[in-house]
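Proteins come first, then strands; the chains are lettered A, B, ... in the order of their sequence lines, and each starts at number 1.
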Amino acid sequence: MVNENKKVRVRFAPSPTGGLHLGGVRTVLFNYLFAKHHGGEFVLRIEDTDQSRFVAGAEEYIFDCLNWCGLTPDESPVHGGAYGPYRQSERKESYRKYAEQLVADGSAYYAFDTPAELEEMRNRFKTAESPSPQYNYILREQMRNSLTLGEEEVARLLSEDAAHVIRIKMPTDETIVFTDMIRGEVAFHSSQTDDKVLLKADGMPTYHLAVVVDDYLMKITHAFRGEEWLPSAPVHILLWKYLFGLDQMPQWAHLPLILKPDGNGKLSKRDGDRMGFPVFAMNWTDPKTTETTQGFRERGFLPEAFINMLVMLGWNDGTENEIFTLQKLVDKFTMERVHKGGARFDYEKAKWFNHEWIKHLPASHYQPRVRQLLEAEGISVPDDGQLQKVLELVKDRCTLLPDFVQQAGFFFKTPTNIDTAAIKPKWDEKKNLFFGEMMLAFDLAPSWQHEELERTFKELTAVHEIKPGELMLPLRIMLVGGKFGPGVFHVAEVLGKEETIKRIKFTLQLVQG
RNA sequence: GGCCGGUUCGUCUAUCGGCUAGGACAUCUCCCUUUCACGGAGGAAAGACGGGUUCGAUUCCCGUACCGGCUACCA
């Protein structure tokens, strides 16, 4: 699959029109892993040939997402490189000559049909059996193009700058075959594909022309894209054949799609909104509507977990391992183990990956983000060391980063909302007495270690002839505020003597009152 | 409609002709834990269907069904 003589070069070519979708990130990932596995280069090219779909900030957003994921391009509009510019809008002038070359050698032609005429044609030929008539080898005979108009008329229109596009002239009867890295040999009949527009009336290339020209100019060796592109592959194959030669063509790989969790179709932003999970990598704010769509990052995912979860949607290393670092993935990734079939997205499993990563990583890794989360809730954390200790203590209980607010917040801010309802019904004077004495005993404790505190507590329960079980929950409520958190004596240890006693005293008053 | 692709537990998947079909998520039961988790043990749960090929098919071939993608001067 990999030609030893050629340096592997891959590209991700998004169009900057909005939030970066899960599937897009996975395409980046597979590109990146393949390139790095083979010691190659990963290029990011911006496909902004559709000026009507320009969205401010979308390009910068893509870079932020890749940056967050740790999938840094070797070449891009911001990273530079020897094959720039990396924005197709800035390469506009380079495409026309290839399109003209195709016209000159008879593989393409000028078409002067207006959008209205096109629509009229489609309506006229639309039938039940053929709901979407194609501008193909039959219909082009009835349209206004350089095949039907006669040389003089064409020359006149051209000299008058009449609006026109350049369309590929699909062969009437030819079988187009290529070998996909994932699917093996795939064949198409040329008559089934329409005469795609190559160069638009505004002079911009369509994706079809641009992808071929730029992949050639940028010396791309392997071209990965979503499966939705498979039907237009024959156009690209033909363009390669006409323009640069099939021996120059990159190896294609059409990646399986990421599907909706509940049934039919590829996963969309709508599904996330509908079912309450993110679809974009990071928050995306539509500049027109100012509406923000939450991303995986802001939902509290770790980038390590995010890419780990994504890579497992369509690839595995053949073992029962599911947790991989980026570096491990680079080592192990091969196209041979990429699946053909689409994978349903499962948010529960995605969360599981994040939970695993929170547990495995040292807390220092995500400490700054947790600090931000806490501070956003008005919980200030003066001491880094203390925060570190707390995070290690509670991380087993956190699936998403915001879970730390509940699990760690009470260590730094005395709980005000205390679940006294959980203890009040069984409260009595004996317990009152017990806690009164326990505060004294704690105050005199020789050391403030959880073992010591637990021993002191147990001894006192024996003296008072109360089962420890009846007092553990009240103590927890006093220190934590609710029925959650690490072992209650561990909590006391971290809280320190003064704060522990203060909280006991406070709740005691609440319960008595 | 046409073309192309896909099809193993509910979900993600292992299996490259020998299978008592393995793992993970989710789910259920139990243990651990005088909270919530973590952890541990166990249960239930799958080869779309029909034909071939073969000593033997989940695996190879062909049909059918179902699902998906595409069918724009969007990518």
Participant: Is it the case that Lys349(A) places NZ or CZ above or below the six-membered ring of Trp352(A), under 6.0 angstrom from the centre and within 45 degrees of the axis?
Facilitator: yes

Participant: What integer number of Å spans the C1' atoms of rU8(B) and rC19(B)?
Facilitator: 13 Å

Participant: Rounding to an integer number of angstrom, what distance separates rU27(B) and rA72(B) when you compare their C1' atoms?
Facilitator: 46 Å

Participant: Ignoring the backbone of Glu322(A), work out which of rC4(B), rA24(B), rC74(B) is nearest its side chain.
Facilitator: rA24(B)

Participant: As a test of the definition: with a 90° window around 0 for syn, would you call rC38(B) syn or anti?
Facilitator: syn

Participant: Take atom P in rC36(B) and the same atom in rC31(B), then report the distance between them in whole Å.
Facilitator: 14 Å

Participant: Would you mind telling me which of rA72(B), rG23(B), rU35(B) lies closest to the side-chain atoms of Lys483(A)?
Facilitator: rU35(B)

Participant: Report yes if a side-chain nitrogen or oxygen of Arg344(A) is closer than 4.0 Å to either non-bridging phosphate oxygen (OP1 or OP2) of rU11(B); otherwise report no.
Facilitator: yes

Participant: Counting only side-chain heavy atoms from C-beta out, which of rG69(B), rA24(B), rA75(B) sits nearest to Trp352(A)?
Facilitator: rA24(B)

Participant: Side chains of Glu228(A) and His254(A) only: does a donor on one sit below 3.5 Å from an acceptor on the other?
Facilitator: no

Participant: Is the distance from OP1 or OP2 of rG39(B) to the nearest side-chain N or O of Lys359(A) less than 4.0 Å?
Facilitator: yes

Participant: Where each residue is assigned the nucleotide of RNA chain B containing its nearest heavy atom, which of Pro231(A) and Gln88(A) is assigned the position nearer the 5′ end?
Facilitator: Pro231(A)

Participant: Please determine, for the side chain of Thr206(A), which listed nucleotide (rC12(B), rA72(B), rA75(B)) has the closest atom?
Facilitator: rA75(B)

Participant: If you only use heavy atoms from C-beta on, which nucleotide in rA75(B), rA72(B), rC73(B) is closest to the side chain of Thr49(A)?
Facilitator: rA75(B)

Participant: Decide whether a cation-pi geometry holds between Arg455(A) and Phe457(A); the criteria are a distance under 6.0 Å from NZ or CZ to the six-membered ring centre and an angle within 45° of the ring axis.
Facilitator: no

Participant: From C-beta outward on Asp346(A), which listed nucleotide comes closest to its side chain: rU71(B), rU11(B), rC70(B)?
Facilitator: rU11(B)

Participant: Consider the side chain of His339(A), meaning its heavy atoms from C-beta on, and name the nucleotide among rA14(B), rG1(B), rC70(B) that approaches it most closely.
Facilitator: rA14(B)

Participant: What interatomic distance, in whole Å, is found between C1' of rA45(B) and the corresponding atom of rU13(B)?
Facilitator: 15 Å

Participant: Nearest to the Lys349(A) side chain among rG69(B), rC12(B), rG1(B), which nucleotide is it?
Facilitator: rC12(B)

Participant: What distance, rounded to whole Å, do you find between the two C1' atoms, one in rG10(B) and one in rA46(B)?
Facilitator: 10 Å

Participant: Closest nucleotide of RNA chain B for Lys467(A) versus for Gly341(A): which of these residues is on the 5' side?
Facilitator: Gly341(A)

Participant: Taking the side chain of His355(A) as its heavy atoms from C-beta onward, which of rC38(B), rC36(B), rC74(B) lies nearest to it?
Facilitator: rC38(B)

Participant: Is the Lys NZ or Arg CZ of Arg167(A) less than 6.0 Å from the centre of Tyr135(A)'s six-membered ring, within 45° of the axis?
Facilitator: yes

Participant: Do the ring centers of Trp229(A) and Phe224(A) come within less than 6.0 Å of each other?
Facilitator: no

Participant: Expressed in whole Å, how much space separates the P atoms belonging to rU11(B) and rC49(B)?
Facilitator: 15 Å

Participant: Could you measure between the two P atoms, the one in rA21(B) and the one in rC25(B), and give it in whole Å?
Facilitator: 22 Å

Participant: Once you apply a heavy-atom cut-off of 4.0 Å, does Asp202(A) come out as touching a base, just sugar-phosphate, or nothing?
Facilitator: nothing

Participant: Nearest to the Arg397(A) side chain among rC36(B), rC70(B), rC4(B), which nucleotide is it?
Facilitator: rC36(B)

Participant: Is it the case that over 12 heavy atoms from other parts of the model lie below 6.0 angstrom from the CD atom of Glu185(A)?
Facilitator: no

Participant: If you measure from the P atom in rC73(B) to the same atom in rA65(B), how many Å do you get, rounded?
Facilitator: 32 Å

